[in-house]
Amino acid sequence: MKPKKVITIAWKGLVKNKLRSLLTMLGVIIGVAAVIIMIAISAGAEATIEEEIISLGSNLIFVQANFTRGGPGSEPSSGGLVYDDAFAIADEVNGVAGVVVEQSSSETVKAGSISIDGVSVLGSTEDLPSVRDIEIAQGRYFTQDEIDRKHKVIVLGASLAEELFGDNPPVGQTVTVGTTKFAVIGVFAEKGLVGDVDYDARIYMPITVVFQKFTPSQFARMIGDRVRLIYVEVAEDAEQNDVILQIELLLAKRHDVSLDEPDFSITTQQDIITTQEATTEAFRNLLAWVAAVSLIVGGIGIMNIMMVSVTERTREIGIRQSIGASPNDIRMQFLTEALLLSLVGGLIGIFVGVGGSWLFNITGGMRTVIVPSSILLAFGSSAAVGIFFGYYPANNAAQLDPIEALRHE
Amino acid sequence: MTSSQPIIQTTNITKVYGMGDAQVRALDGVDLEIGENEFVAIMGPSGSGKSTVMNILGCLDRPTSGQYFLAGEDVSQFDKTQLAIIRNERIGFVFQSFNLLARTTALENVLLPTLYNRGEEKEESEYQQKGIAVLESVGLGDRLHHQPHEMSGGQIQRVAIARALINDPVIILADEPTGNLDSKSGAEIMDVLTALHAQGSTIVMVTHEDEIAEYAQRVIRFRDGVIETDKMNGNKGN
C-alpha cells in the first residue's frame, strides 16, 4: 500500500476514537515536554554557572582556613588564616597581581529616616575591585592608607545606595552601620547576583574597621585578626602552580605547620569550575534519566492502549481482512496509528515543553535555556518509542485469523 | 453449466481441525463446480461443513488437502497475503451480521476495499463516482453519507452488497444474508441479489431457510462434510 493510504487509514482510526487517542498521547506529551524542560533547566543552570565563573574574575586562587569548629556560631578554635598572611603573600610571593581579604558581618544600617536590618557588611582590601571585577560608578574605592588607619569610610552596592538615598547622590552622605557613623565615599556599579550573593546589596568597608568594630568576640580579637578567605589574583605572565607552591611554603613557614598537615587549603578557580561542572553534569544526567523514564512510560501507555485497541477492534480487523487487507496492511495500519500517536503527541509535547520552559523563565522559578537539539532528540525518541511499542500490538493484529476475527463480538 | 470454464472448481477438498484423536473432519472430500452466472444456495444443518466450505471458497481459509481453482487459478496453497489479494480483487462478501465499520459513512464503507487495491491506482474521484454508482444501483443513492446507526437493517445490508460489488468480483459470497433481517427486509435483499444475478453476477449463498433458497437456481445440501444432494431448483432451472 502507498504510504498516503496507510496514513489515511490510520488517521481515520485515530480520529474515530478522539478521546482515547488524546489520552494515549498524554503520556508522550508529558514525556517529550519533560525532556525539553529538563534539558532547558540544566542548560540554564550551566549558563548561570558559566556567567558566575566569568564574573568571579580571572586567574583566582582561593586560600582558605581549615577550620575546626567548636559549635554553631563559635570562632575557629585552631588553624586558620590571619590578616597579615595576606600582606605576606602580596609581599613575598612572585607573580601575584593582587590580594584580597574579606571578612563579613551583618548589621543594621541607617541613613536619615531609613533603616535596614541585616545588611551584609564586607570588610575588604585595596585590590577588591580589580580582583573581583567590580567597577566604581560614583566616587572612589578606599585606599591602603585608609585601611591602615581604619578610616570610617564605606562604598555602597548599587541597589543598597538607591534604597538608602533614592535619587540623591550618596557620596558625601553619612550612614550609620551598627552604632558607628561612616562616610560614603563611593558607589559600585551594578554587578548582580553571583552565586547566591547579591553584590549590589552590600556595604564595603576597610577590613581593619570590620576587625575593630564588628568582629564578634573579644577572644577572637586577641588571637589576631582572623580571616576566612584570601583571594590571590595571579599575574598574567605567572605560572599558577608556581604561585600556589610559593604560597604553601610561605604559609607553612608562617604558621609553623608541615605541608602534610596544613591548617589552610588552596583551591583554584579551575578546581571550582571542575567541581561545578561535575555537579551540573550529574544533575543533567539525572534529569535526562528522569525524562527518559517518563518517555518510556509514555511508550508503554501507547502499547497498552494499542493492545486494548487491537482486542476491541478485532471485528474491524476481520472486516478489513475479508475485503482484502493482508497481514502486512493490518500491521502497517496499527503501527502507523502508534507512530502517529507518538508523533502528534511529540509535536504537542514540544509546544508544551517550549512553553513550559519559557514560563519557568518569566515567572522566575528557574532559569531555562531551550536547547534546539533537545527538541530534535525528544521528537526523534517519541517516534522511536511509537515504533518500538507499537510493533508488538500491530504484529498481534496482523496475525489474527480472519474467520476468528469476523466471529469476534 | 453455463460456461466452458467454471468460476469455482474444487477437487477432493478436505478440512481437518485438531490433531490425533480429537481430529474433526469438517470437510471430507468435496468436489464442486460452479459456473459463471450461477446462483447457488448451500444448505445443511449446523456442523455439516457448509460454513467451512464457504470460508474456503471465500479464501478466508485454506483446505487441508485437495485443490481449489478460482476462475482457473489454483489458490489452495496461496499464502495469507496472496489470499488477501484474491479476496480483494475476486470476491465480494455479504455477511449475516453486515460487518460494516461503525462511525463510517455508507460511501466510505463501500470504498473500503479500494483502499487495499494493488496495482494501478485510480483517481480518488473515480473511486468516489463508482462508489456512488454502486450505492445507487442498490437503491441507496440518498444514503451516501449516512452512518450504519442511522440506517435500517435492510439498508445496512444493501450497503454491504454495494461494498461487495465495488471491485467487480468474479463471485459474490453471501453467508446467511437475510439471517439478521425481518422477512420484508430479507425479501428486499433477495430481490437485490436476484437482480444482480440477472445482470450476470455469480452468487453463492449459505442459508438454512428453504424460502430463501428458493431464490437460487441450484441448491447444494451438505451433511457430515460431504455433498449430500446437488439439485436444480425445479421452478428456477435454466
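Chain A is the first sequence line, chain B the second, and so forth, proteins listed ahead of strands; every chain is numbered from 1.
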Between the side chain of B:Arg103 and the main-chain N/O of A:Lys16, is any donor-acceptor distance below 3.5 Å?
yes
With sequence neighbours left out, write down each residue that passes ring-ring contact (aromatic ring centres under 6.0 Å, His included) with B:Phe39, or none if nothing qualifies.
B:His197
Nearest atoms (heavy-atom pairs only) where A:Gln399 meets B:Lys80:
O-NZ, 4.0 Å
In terms of heavy-atom proximity below 4.5 Å to chain A, should B:Thr52 be classed as side chain, backbone, both, or neither?
neither
Side-chain (A:Arg315) to main-chain (B:Asn99) donor-acceptor, under 3.5 angstrom:
no
Is it the side chain or the backbone of A:Glu404 that comes within 4.5 Å of chain B heavy atoms, both, or neither?
neither
Can you confirm whether more than 12 heavy atoms, excluding those of A:Phe388, are under 6.0 Å from its CZ atom?
no
CZ of A:Phe351: more than 12 outside heavy atoms within 6.0 angstrom?
no
Given that the side chain runs from C-beta out, which part of B:Ser97 has a heavy atom under 4.5 Å from chain A: side chain, backbone, both or neither?
both
Quick one: pull up CG in A:Asp401 and CG in B:Leu60 and give me the separation to the nearest 0.5 Å.
8.5 Å
From B:Arg163 atom CZ to A:Ile319 atom CD1, the distance as rounded to the nearest 0.5 Å
6.0 Å
B:Ala102, part contacting chain A, at a heavy-atom distance under 4.5 Å
backbone
Tell me the closest heavy-atom pair linking A:Glu316 and B:Leu101, and the distance in Å.
CG-CD2, 3.4 Å
Tightest non-hydrogen contact, residues A:Ile323 and B:Pro113, listed as CD1-N, 3.6 Å
To the nearest 0.5 Å, how far apart are CG in B:Leu112 and CZ in A:Arg320?
5.0 Å
Which bit of B:Gln82 comes within less than 4.5 Å of chain A, counting heavy atoms only: side chain, backbone, both or neither?
neither
Atom CD of B:Glu123 with >12 non-hydrogen neighbours under 6.0 angstrom
no
Using distance alone, with no hydrogens and no angle criterion, decide if A:Lys12 and B:Thr104 have a side-chain donor and acceptor under 3.5 Å apart.
no
Gap between atom CZ of B:Phe95 and atom OG of A:Ser322 - 0.5 Å precision
3.5 Å
Non-hydrogen side-chain atoms of B:Tyr116 and A:Ile9 separated by less than 4.5 Å:
yes
Heavy atoms only: give me the nearest B:Asn55-A:Arg407 pair and the separation to one decimal.
ND2-NH2, 4.5 Å
Is the CZ atom of A:Arg20 crowded by more than 12 outside heavy atoms at less than 6.0 Å?
yes
How many angstroms lie between CG in B:Asn88 and OG in A:Ser326, if you round to the nearest 0.5 Å?
9.5 Å
Which answer fits B:Leu83, side chain, backbone, both or neither, if we ask what part of it has an atom under 4.5 Å from a heavy atom of chain A?
neither
In this structure, NZ of A:Lys4 is separated from CD of B:Glu124 (nearest 0.5 Å) by 6.0 Å
Using a cut-off of 6.0 Å, state whether more than 12 heavy atoms not belonging to B:Phe69 lie near its atom CZ.
yes
